[in-house]
Peer 1: 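Dropping the structure in here first, questions after.
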Amino acid sequence: MRFSRVTVPTLKEKPAEAEISSHELLLRAGMMRGVAAGIYSMLPLGALALRRVEDVVRREMNDAGAVEVVLPSLHPADLWIESGRWNEYGPEMMRLSDRQGREFCLGPTAEELITDIVARTAPSYRDLPVNLYQIQTKFRDETRPRFGLLRGREFRMKDAYSFHSDEGDLDRTYERMRLVYSSIARGCSLDVRVVEAVTGLIGGDVSHEFMVVSDIGEDVLVYCGDCEYGANAELESHAPGHTFGGDESGSAEEVHTPGLVSVEEVASFMGVGPALVMKCVIYVTAEEVVAVFVPGYREVSEAKLARVLGTDEFHPMREDERARFPAVTAGFTGPVGLEGVRMVFDREITGARGLVCGANRPDYHLRGVEEGRDFSAEPAFDVAAVVQGDTCVRCGGGLEIARGIEIGHIFKLGVKYSESLGANFTDRDGKVKPMIMGTYGIGTSRILATVVEQHHDDGGIKWPVSVAPLPVELIVIKPGRPEQAEAADELTRGLAGRGMEVLVDDREVSPGVKFNDADLVGLPLQVVVGKKLDSDGTVDLKTRYTGERRAVPVELAVEEIERALEEAP
RNA sequence: CGGGGUGUAGCGCAGCCAGGUUAGCGCGCGUGCUUUGGGAGCACGAGGUCGGCGGUUCGAAUCCGCCCACCCCGACCA
């Protein structure tokens, strides 16, 4: 592959639209181009890199006994109506209709299609399990596409679906997929953490996400430093601390706290820490007002609250809604004597004494409040977000909090789709039962971006060998000189003979341009054919990852390159 | 959807507030000469619906209105 003949439009300057490294570098290295918000064209080198990632995925899936299929991107509406997700998915789904007015969508995922296919085979327990997967372009009309390939509206994903005759069999495949996903991440040189996750629109009871820890990650995850526990912060459960509350007091007393609303203001006015102040956040749902109480040093977790309330249709009370709910005293709401409002307490409040909270009267707080005496926190829930220093529910170890990029997500679906779509099998006992399903997604274009995010420096990308678009870039300093051109040709042939394809920079530009572009594009190994060829018959060999560079005799170059590639990350 | 920002040559930007000749700069691109191991120099040159539509004005990149696109924060989502 010759640089001069391949479209690799490298950019010297950072494109204005790029905010994070992977976005910037994929654009600057001439690997992709933006087309519209969240939609990208992959140029030759980007397309190769994406293919490498997908090859890793394909190999691992095949090894695990899954079988590849190719499904359409265009799905008829009726399947989605049958499963109930035509409405559930909402504006996130790209919809369109054909010339007859029949409705379709561009598939955001493929449970409906695949379940329908398997259902039509009317299998018996003898035919199960099956595990089918595809690597396809998916469409989700994200409310806010961003970060280049990390959150696009059109993106590449491998999705697999397994069908079982009993739970135990699903469990086995699920475990297998869990291992496969970790191994895919390793194969792409990504450190991944497996965390418990919420199932969202896909449904099911149990799910795990595969997270790459990164500051630019859009998720927050929690994991234990001492045991295997890990969870998305939306689901996380920390051990309740015993740090909330203070000493016993004779009785609660009112304190004048003019204009003091925030926990910090009230705490410092009272001369106490936030561990004594009970925070109250007012939410409004379609039916009611909910006062949520958490310790002053915590935030309400809206994801947890959604599970307590059984709906995610709520929002913090807005200024303009205050008039409708006179019982709520903005900034001074407390649980003592509060009427006409649903109260939700965090479990850390149970048994707490000596608390400071709103007095349900403007400009007044109460102090010395005691749960059980002055108000009841029954029933209490886990509705507070984790904070640094919380301990693990499993082993009591210290919890770590980090941001993460979700590269994969696996679900035990159960019978959600097989029931709604009539995907049944005949069991050993002759009875017809719904198949038990699992679904396993991994974002290949997102992995590509994540790899760049994790493997780069100021000069550009540092592709790990396993997913590099090509293994070697051959820089010919003066392609016009016959000796150099011939040596380059010979090296290219020699490497091709051993299965190593080469990007040859044969452009008539100054050496600095080629060196910089080579670092930017970031192929694992650079071979420089230049003046040393004339002077002492050597070429330079540079490992992009380490920056290490050495001269090797040209006749040994092919073996040396092969060896260096085996050693490179 | 709420808030903020930006649209001027392939890319990065200035000009706009205080309207006024052929709309500039850097990079990139073309030609020629010189250069050639870490983004070369000189000379000449090509390249623009100033996001779109409408308005104000003798005159609009510049002022006003509407629309569109892109980016950021949030809400949302997986």
Peer 1: Using ring-ring contact (aromatic ring centres under 6.0 Å, His included) as the criterion, point out the one residue from A:Trp86, A:Tyr89, A:Tyr417 that pairs with A:Trp80.
Peer 2: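 The ring-ring contact (aromatic ring centres under 6.0 Å, His included) with A:Trp80 is passed solely by A:Tyr89 among A:Trp86, A:Tyr89, A:Tyr417.
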Peer 1: Okay, side chain of A:Ser207, backbone of A:Ala197: is any donor-acceptor separation there less than 3.5 Å?
Peer 2: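 Yes.
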Peer 1: Within this structure, what is the CD-to-C1' distance between A:Glu142 and B:C1, rounded to whole angstrom?
Peer 2: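 Nearest whole value for this atom pair: 15 Å.
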Peer 1: What is the nucleic acid contact for A:Ala197, judged by heavy atoms within less than 4.0 Å: base, sugar-phosphate only, or nothing?
Peer 2: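 The answer is nothing, as A:Ala197 stays clear of every strand by at least 4.0 Å.
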Peer 1: Nearest to the side chain of A:Glu19 - B:C70, B:C71, B:G37?
Peer 2: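 So the side chain of A:Glu19 is nearest to B:C71.
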Peer 1: If we take the C1' atom in both B:C25 and B:C63, what is their distance in whole Å?
Peer 2: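 Rounded to whole Å, the distance is 26 Å.
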Peer 1: Among B:G38, B:A78, B:C70, which is the nearest nucleotide to the side chain of A:Ala37?
Peer 2: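 Of the candidates, B:C70 comes closest.
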Peer 1: Among B:C76, B:C71, B:C11, find the nucleotide with the atom closest to the side chain of A:Glu13.
Peer 2: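 It is B:C11.
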Peer 1: Between A:Thr10 and A:Gly148, name the one whose nearest nucleotide on RNA chain B is closer to the 5' end.
Peer 2: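 Nearer the 5' end of the strand: A:Thr10.
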Peer 1: Nearest to the side chain of A:Arg140, which nucleotide is it out of B:A78, B:G39, B:C73?
Peer 2: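 Taking heavy atoms from C-beta onward, the closest nucleotide is B:A78.
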Peer 1: Record whether the side chain of A:Arg549 comes under 3.5 Å of the base of B:G38 through a donor-acceptor pair of N or O atoms.
Peer 2: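 Side chain to base: pair found, below 3.5 Å.
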Peer 1: Does A:Arg146 place a side-chain N or O at less than 4.0 Å from the phosphate oxygens OP1/OP2 of B:C73?
Peer 2: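 Yes.
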Peer 1: Looking at the side chain of A:Ala16, which of B:G39, B:G37, B:C13 is the nearest nucleotide?
Peer 2: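 Selected nucleotide: B:C13.
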Peer 1: Please determine whether any donor N or O and acceptor N or O are separated by less than 3.5 Å between the side chain of A:Arg151 and the base of B:C77.
Peer 2: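 Such a pair exists between side chain and base.
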Peer 1: If you only use heavy atoms from C-beta on, which nucleotide in B:A40, B:C11, B:C72 is closest to the side chain of A:Arg144?
Peer 2: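 Nucleotide nearest to A:Arg144's side chain: B:C72.
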Peer 1: Strictly below 4.0 Å: does A:Lys14 bring a side-chain N or O up to OP1 or OP2 of B:G12?
Peer 2: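 Indeed not, no polar side-chain atom of A:Lys14 lies that close.
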Peer 1: For B:C76, take OP1 and OP2 only and decide whether either is under 4.0 Å from a side-chain N or O of A:Thr143.
Peer 2: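 No, no such contact exists.
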Peer 1: Taking atom C1' of B:G38 as reference, at what distance in whole Å does atom NZ of A:Lys532 sit?
Peer 2: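 It is 13 Å, rounded to the nearest whole Å.
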Peer 1: Would a 4.5 Å heavy-atom cut-off, applied to side chains only, mark A:Lys478 and A:Lys531 as touching?
Peer 2: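 Contact flag for A:Lys478/A:Lys531 side chains = no.
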Peer 1: From the options B:C70, B:G38, B:C76, select the nucleotide whose nearest atom is closest to the side chain of A:Phe515.
Peer 2: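 Given the options B:C70, B:G38, B:C76, the side chain of A:Phe515 is closest to B:G38.
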Peer 1: A:Leu26 has an atom CG; how far is it from atom C1' of B:C11, in whole Å?
Peer 2: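 Spelled out: CG on A:Leu26 to C1' on B:C11 is 17 Å.
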Peer 1: Return the nearest nucleotide to the side chain of A:Glu92; candidates are B:G28, B:C72, B:C77.
Peer 2: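 In terms of side-chain proximity for A:Glu92, the closest of B:G28, B:C72, B:C77 is B:C77.
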Peer 1: Let's see if you can work this out: which of B:C70, B:G37, B:A40 has an atom nearest to the side-chain heavy atoms of A:Ile477?
Peer 2: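 It is B:G37.
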Peer 1: Centre-to-centre under 6.0 Å for A:His23 and A:Tyr40, is that the case here?
Peer 2: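 Yes - the distance between ring centres of A:His23 and A:Tyr40 falls below the 6.0 Å cut-off.
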Peer 1: If I take atom CG in residue A:Asp458 and atom C1' in nucleotide B:G38, what distance separates them, rounded to the nearest angstrom?
Peer 2: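 To the nearest whole Å, that distance equals 15 Å.
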Peer 1: Taking atom types as modelled, is there a side-chain donor on A:Glu453 or A:Ser214 under 3.5 Å from an acceptor on the other?
Peer 2: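 On atom types as modelled, these side chains do not qualify, holding no pair under 3.5 Å.
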